[in-house]
There are 2 protein chains.
Amino acid sequence: MSDHHHDHHHDTAALTKNQSLVMGQLSSANGPLSAYTILDRLREHGFRAPLQVYRALDKLVEFGMVHRLESLNAFVACRQPGCDTHETIAFTICETCGQVAELSDPELADHLKALAAATGFVLKKSTVELRGLCRACGRA
Amino acid sequence: MSDHHHDHHHDTAALTKNQSLVMGQLSSANGPLSAYTILDRLREHGFRAPLQVYRALDKLVEFGMVHRLESLNAFVACRQPGCDTHETIAFTICETCGQVAELSDPELADHLKALAAATGFVLKKSTVELRGLCRACGRA
DNA sequence: TTGGTAATGTTATATGATTACACAATTGCG
DNA sequence: CGCAATTGTGTAATCATATAACATTACCAA
Ligand SMILES: [Zn+2]
Ligand SMILES: [Zn+2]
Ligand SMILES: [Zn+2]
Ligand SMILES: [Zn+2]
């Protein structure tokens, strides 16, 4: 490997056209988007088929620029600087306004790992999605 | 039948025909099943449409007898006695054999609640799904 | 009996994701 | 450069998951 930074730090310039378009939609959205919503919004840019979106999403997730929310079947742009340095991320998802926030907590990672290890389970990837009310909606 | 007790403790006798059939499939399976897999297995018992499965599943989840695994879009019978007394449950899902185990840990519940509360988030429901290798598969 | 509630049956449709195949662009190397 | 390997793209078809809409039936209680 040469010394240019292709390892796990991807800036937008390195993205392909389709990846940039999908990333643009997610970045400018103020919440998670489904793959088909992204598709609809990119039809005017020439997108015609789901696969164009899913292929871009696969890469963006691989690059750590986008997260998939399992409980919503949707995708959200990463907004946590240095997100890729933390193994475990938790998401809060507001059931009223749809806002998603990322939480990172090394102790949580350790806790989950220990909890799993107690049963002999080797932890590879954690999905932690917390549903409830965000600060703004909770005050109502 | 004169003695009906529909509190929040549901035994199989209280289930309707369709609910019993769906519960039977999940109980006898050794892992999670998708709604459509359940449908296929119940066609010989007269099931014809997805809704028959989904409606039963909704109730069984409501009763706490079945859990939905968000990251698999599948359902699994609860095997943890007294599961309903614990607010937060984590699942381990083996990526090799598909086996699912339930973990309950009051500390984890507290930890998540505190983590969320630190950002003003009111936690209603937690989804914690841990992917990796179970003890048996990890030894390989 | 009569009316309300819960459960069921059926069809169609909405939503989410992948398979299969053809082709173009890019990269890496002799 | 010439060529092959890899990666990205386009398109159609299909599979998989979930719900909407509406009619009917079973059950329980006033
Ligand atoms: Zn992130
Ligand atoms: Zn909110
Ligand atoms: Zn349980
Ligand atoms: Zn296993």
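Heavy atoms only: backbone and side chains are in, while hydrogens, waters and symmetry mates are out. Residue numbers start from 1 in every chain, and the chains themselves are labelled A, B, ... in the order their sequence lines are given, proteins ahead of strands.
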| remark: Residues at least two apart in sequence or cross-chain that pass side chain to side chain contact (heavy atoms under 4.5 Å, CB included) with B:Glu62, listed by chain then number, are B:Lys59

| Length of the line joining B:Leu57:CG and C:dT8:C1', which is rounded to integer Å | 15 Å

Side-chain donor-acceptor distances from residues 130-140 of chain B under 3.5 Å, at least two apart:
from	atom 1	to	atom 2	distance (Å)
B:Arg131	NH1	B:Ser71	OG	3.0
B:Arg135	NH2	A:Thr119	O	3.3

Expected rows: protein N/O vs nucleotides 8-10 of chain D N/O, under 3.5 Å:
from	atom 1	to	atom 2	distance (Å)
D:dT9	OP1	A:Thr16	OG1	3.0
D:dT9	OP1	A:Asn18	N	3.4
D:dT9	O4	A:Arg55	NH1	3.4
D:dG10	OP2	A:Asn18	ND2	3.2
D:dG10	OP2	A:Gln52	NE2	2.4
D:dG10	N7	A:Arg55	NH2	2.5
D:dG10	O6	A:Arg55	NH1	3.1
D:dG10	O6	A:Arg55	NH2	3.3

| field | the helix from C:dT1-D:dA30 to C:dG30-D:dC1: angle between end helix axes, five pairs per end, rounded to 10 degrees | value | 30°

| field | Validation row: A:Thr127, A:Glu129 side chains within 4.5 angstrom (heavy atoms) | value | yes

| Rounding to a whole Å, what distance do you find between B:Leu15:CG and C:dT8:C1'? | 16 Å

Would you list the atom pairs, donor with acceptor, under 3.5 Å between side chains in residues 23-33 of chain A and any protein atom, with sequence neighbours excluded?
from	atom 1	to	atom 2	distance (Å)
A:Ser27	OG	A:Met23	O	2.9
A:Ser28	OG	A:Gly24	O	3.0
A:Ser28	OG	A:Gln25	O	3.3

| Sequence neighbours excluded, which residues qualify as side chain to side chain donor-acceptor pair (under 3.5 Å) partners of B:Gln99? | none

| Restricting to pairs with a member in residues 96-140 of chain B, which pass ring-ring contact (aromatic ring centres under 6.0 Å, His included), not counting sequence neighbours? | A:His111-B:His111

| Counterpart residues, side chain to side chain contact (heavy atoms under 4.5 Å, CB included), relative to A:Arg79 (two or more places apart) | A:Val76, A:Ala77

| Value in whole Å for how far the C1' atom of D:dT19 lies from CG of B:Leu39 | 15 Å

| said: Can you list everything that forms a side chain to side chain contact (heavy atoms under 4.5 Å, CB included) with B:Arg55? Sequence neighbours excluded, please. | reply: B:Leu51

Please tabulate the protein-to-nucleotide N/O contacts below 3.5 Å involving nucleotides 12-17 of chain C, giving atom names and distances.
from	atom 1	to	atom 2	distance (Å)
C:dA17	OP1	A:Arg68	NH1	3.0
C:dA17	OP1	A:Arg68	NH2	2.4
C:dA17	OP2	A:Tyr54	OH	2.9
C:dA17	O5'	A:Tyr54	OH	3.3
C:dA17	N7	A:Tyr36	OH	2.7
C:dA17	N6	A:Tyr36	OH	3.2

| B:Asp58 CG to C:dA7 P, straight-line distance once rounded to whole Å | 11 Å

| field | Results of ring pair (Phe, Tyr, Trp, His ring centres under 6.0 Å) for A:Tyr54 - residues two or more places apart only | value | none

| With B:Arg43, which residues qualify under side chain to side chain contact (heavy atoms under 4.5 Å, CB included), at least two apart? | B:Leu39, B:Asp40

